[in-house]
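The next block holds one structure in the form of structure tokens; read it before the comments.
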Amino acid sequence: MKYQFLPHYFKYIGLTLFLVTGLLPNIESFVDGFSGNLYGTRSLSIPEIFHSQAFHLTTYLSILMYALAKDKIFDEFMLQIRLETMYIVFFVTLIVLVIILLINEEWKMSPSYFFEAQIVLFLVINKIRKQILIS
Amino acid sequence: MKNLIRVERARLEISQSELANQVGVTRQTIYAIEKSKFTPSVILAFKIAKVLKVDINYLFQVEDTD
């Protein structure tokens, strides 16, 4: 079975998009905090488009792009590490979800945050496993 | 599954990188196979055996625990 992933340069595109779309909407809050103003004061104002749903969607897509891009070195060993990591991430998030719901029945999480957490978890576990298996 | 890649590499005096280049994988993959951290696909196993000029059944040996 062949698995089609994005070319390596998508890592750079994804990371750049993530930094731009992920950090830009938070600049206002950062400036508020940095200048000692109350949260939400918005001493600096950026165009409303940066707070739009489409802009947030781009952030998630950029992380996905980063996660799905091929590594510089990529072969069947790397592919196996990646697939095993996906398997681990699936069960880890499932277990965490069950535990949280057992603790707090009324707990709710936005699907987009859940998705983002899964991707970040994937990237972290994948990196750690690669370091362990290669060294 | 144990393998004799390291022994055969030493016999032919080729490095992990050279073997990796010839079979189209990374040096890390050859290292992982030698250390039994990764079991290669049948295609890769055949390629390695061909480069090392040995029989695949000799190069890769299945253990009872597999």
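Any value given below was found using the heavy atoms of this structure, including those in side chains, with hydrogens, waters and symmetry copies removed. A, B, ... follow the sequence lines: proteins, then strands. Residue 1 opens every chain. Worth saying up front: this structure is predicted, and the values here are computed from it rather than measured.
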Query raised in the report: CZ of B/Phe46: more than 12 outside heavy atoms within 6.0 angstrom?
Result: no
**Report entry** Residue pair A/Glu76 / B/Phe38: nearest heavy atoms and the distance that separates them
**Finding:** OE2-CZ, 3.6 Å
Query raised in the report: Got a second to check how far A/Lys130's NZ is from B/Gln28's CD, nearest 0.5 Å?
Result: 9.5 Å
Query raised in the report: Considering only heavy atoms, which portion of A/Gln80 lies under 4.5 Å from any heavy atom of chain B: side chain, backbone, both, or neither?
Result: side chain
**Report entry** More than 12 heavy atoms from other groups under 6.0 Å of CD on B/Glu63
**Finding:** yes
Query raised in the report: How close do B/Thr26 and A/Met78 get, heavy atom to heavy atom, and via which atoms?
Result: OG1-CE, 4.3 Å
Query raised in the report: Just wondering, more than 12 heavy atoms not from A/Ile100 lying within 6.0 Å of its CD1?
Result: yes
Query raised in the report: Just wondering, are more than 12 heavy atoms of other shown residues or ligands nearer than 6.0 Å to CZ in A/Phe18?
Result: no
Report summary line: Minimal heavy-atom distance between A/Leu133 and B/Tyr31, with the atoms involved, is O-CE2, 4.1 Å
Report task. Answer yes or no: are there more than 12 heavy-atom neighbours, outside B/Lys35 itself, under 6.0 Å from its atom NZ? Result -> no
